[in-house]
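Read the structure below first, then the notes.
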Amino acid sequence: MRGRTVRTAGGLSVRLDPRTFTVVVLLVVAALFASVVLIGTGDFPIPAADVLKTLVGNGDAGQEFIVTELRLPRVLVGLLVGLSLGLGGALFQSVSRNPLGSPDVLGLAQGATAGALVVIVLTSGSATAVTGGALVGGLVTGLLIYLLAWKRGVHGYRLVLVGIGVNAIATAVNGYLITKADLVDAARAVNWMVGSLNGRDWEQVWPLLALCVVLVPLVLGNARGLRMMEMGDDVSYALGVRVERVRLLLMLAAVLLTAAATAAAGPVAFVALTAPQLARRLTGSPGPNLLPSAFMGATLLIVADWASQRAFGADQLPVGVVTGILGGVYLLWLLVTERRAGRI
């Protein structure tokens with residue numbers, strides 16, 4: 001049997017799929033394991049057992065400072081950014097019914113980048129101002145894509161095509177802004193555009209955590225409507241789903257998740273594109289796979305951050321470079337596989 005329905009005392013019914021549940025549990029364990037290893041990695045290595053002791057308050061003063069003040073915030077930002085990108089990518093791919101319907105392709109990441117670059121180049125603003133600029137840029141871009149794609153509703157291919165066009169425009173605007181910046185601001189802008197977790201602290205953790213606490217339950221609460229919408233708008237209407245309301249709500253949530261993740265770590269490439277596809281292959285389920293995609297994104301980003309620090313010797317790379325390399329290889333493999341199967 002593919003799954004079973006569990007009913008709570010309050011009358012709420014939840015459908016559990018054993019394979020999906022197992023995948024989610026394994027991804028959570030993998031993300032936590034990778035996080036402990038990453039916290040112990042650095043110029044002052046700390047064994048995993050000591051990391052765990054320090055996290056529960058039994059470490060010495062030196063380990064306490066290194067773990068809680070220097071490394072833990074970076075890891076938490078990585079987990080939250082990966083979770084936000086994975087969930088946002090799953091939402092966009094499900095709404096557009098297209099595996100390329102991710103924030104990387106639709107221009108949301110570039111729109112958020114444009115907002116950050118405006119602050120960096122025109123005002124030389126602080127890190128907080130750059131974060132605000134990225135959020136505003138992402139929201140404005142998402143609204144623009146939705147309005148341009150609207151024609152008696154928003155449909156998948158039109159959304160993707162409009163997003164590709166907006167992505168091209170935003171990329172051109174970003175290039176123009178960099179050419180107009182002075183040397184110091186241009187270097188700062190380029191460093192931010194790569195996508196990195198370097199220097200992240202508790203200031204980036206709390207806003208992203210608060211946003212996830214609000215949006216993740218909201219998204220999961222509308223998961224049934226999203227699953228119905230994958231069968232088409234007419235069927236969804238017949239089943240009682242308020243299609244445009246659900247679509248607008250979930251797209252807004254996806255835009256906020258993507259913009260917040262970009263604001264916290266820069267435009268980290270390919271996580272939103274690959275995490276939902278990998279999650280779908282692991283679960284074997286054709287549905288939105290929201291939770292598997294979210295935890296796959298978190299695991300991917302943490303593992304990529306570990307690789308960026310340890311796999312290239314003394315040349316530590318920004319995590320965005322590593323995810324770009326891995327995502328590009330995966331995309332090429334996916335295209336070759338789809339071509340061999342005769343689907344493209």
Side-chain angles (χ1 to χ4, degrees), residues 20-21 23-35 38 75-96 98-106 108-109 112 138 142 195 197 205 208-209 211-220 222-223 226-227 250-307 319-320 322-324 326-328 330-331 334:
T20 300
F21 179 77
V23 168
V24 169
V25 170
L26 291 176
L27 286 173
V28 170
V29 171
L32 293 177
F33 174 79
S35 297
L38 183 57
V75 170
L76 290 177
V77 170
L79 289 171
L80 292 170
V81 167
L83 184 146
S84 299
L85 291 176
L87 184 57
L91 287 172
F92 274 115
Q93 290 180 23
S94 182
V95 168
S96 65
N98 191 316
L100 293 178
S102 81
D104 301 301
V105 178
L106 297 181
L108 290 169
L197 296 175
V205 173
L208 192 53
L209 178 61
L211 191 70
C212 289
V213 167
V214 173
L215 291 182
V216 171
L218 177 66
V219 169
L220 296 179
N222 286 275
L226 183 63
R227 190 178 185 90
L250 293 179
M251 285 188 64
L252 178 60
V255 169
L256 285 171
L257 288 167
T258 303
T262 304
V268 180
F270 281 113
V271 173
L273 178 66
T274 58
Q277 295 300 310
L278 291 174
R280 180 169 295 187
R281 280 162 172 74
L282 287 177
T283 63
S285 171
N289 288 285
L290 297 179
L291 278 179
S293 298
F295 290 117
M296 176 62 76
T299 303
L300 281 177
L301 196 55
I302 288 299
V303 172
D305 192 35
W306 177 87
V319 68
V322 177
T323 60
L326 296 177
Y330 173 77
L331 182 59
L334 179 62

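No hydrogens, no waters, no symmetry mates; every other heavy atom, side chains included, goes into these values.
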Reported OG-to-CG distance for the pair Ser102 and Leu91, which is rounded to 0.5 angstrom
12.0 Å
Minimum heavy-atom distance between Ala259 and Gly138, given as atom pair plus value
CB-CA, 4.0 Å
Only one of Leu250, Leu87, Val255 passes side chain to side chain contact (heavy atoms under 4.5 Å, CB included) with Phe92, and that residue is Val255
Closest contact, heavy atoms only, Gly82 versus Leu301
N-CD2, 3.4 Å
To the nearest 0.5 Å, how far apart are CG in Leu256 and CG in Leu215?
5.5 Å
Inter-residue atom distance Ile302.CD1 - Leu83.CG, 0.5 Å rounding
11.0 Å
Out of curiosity, Leu300 CG to Leu85 CG, how far, rounded to the nearest 0.5 Å?
10.5 Å
Taking Leu27's backbone N and O only, do any of them form a donor-acceptor pair with Thr299's side chain (distance below 3.5 Å, no angle check)?
yes
Do Thr323 side-chain atoms and Ala269 backbone N/O form a donor-acceptor pair below 3.5 Å?
yes
Which heavy atom of Val77 sits nearest a heavy atom of Ala264, and at what distance?
CG1-CB, 4.4 Å
Could you pull out the closest heavy-atom pair between Ala260 and Leu208, with the gap in Å?
CB-CD1, 3.6 Å
Any idea which heavy atoms bring Pro288 and Ala90 closest together, and the distance?
O-CB, 3.9 Å
What I'd like to find out is whether the side chain of Leu226 reaches to under 4.5 Å of the side chain of Leu290, using heavy atoms alone.
yes
Contact between Pro292 and Thr20 at the side-chain level, heavy atoms closer than 4.5 Å - yes or no?
yes
Taking the side chain as every heavy atom from C-beta outward, state whether Val81 and Val271 have any atom pair closer than 4.5 Å.
no
Are Met296 and Asn289 packed together at the side-chain level, in the sense that at least one heavy-atom pair is separated by less than 4.5 angstrom?
no
Would you say the side chain of Leu291 lies within less than 4.5 Å of the side chain of Leu220, judging by non-hydrogen atoms?
yes
Working to the nearest 0.5 angstrom, can you tell me the gap between Met251 CE and Thr258 OG1?
10.5 Å
Measure the CG-OG distance between Leu76 and Ser35 for me, rounded to the nearest 0.5 Å.
7.5 Å
Might you point out which heavy atoms bring Pro276 and Ser293 nearest each other, and give the distance in Å?
CA-OG, 3.3 Å
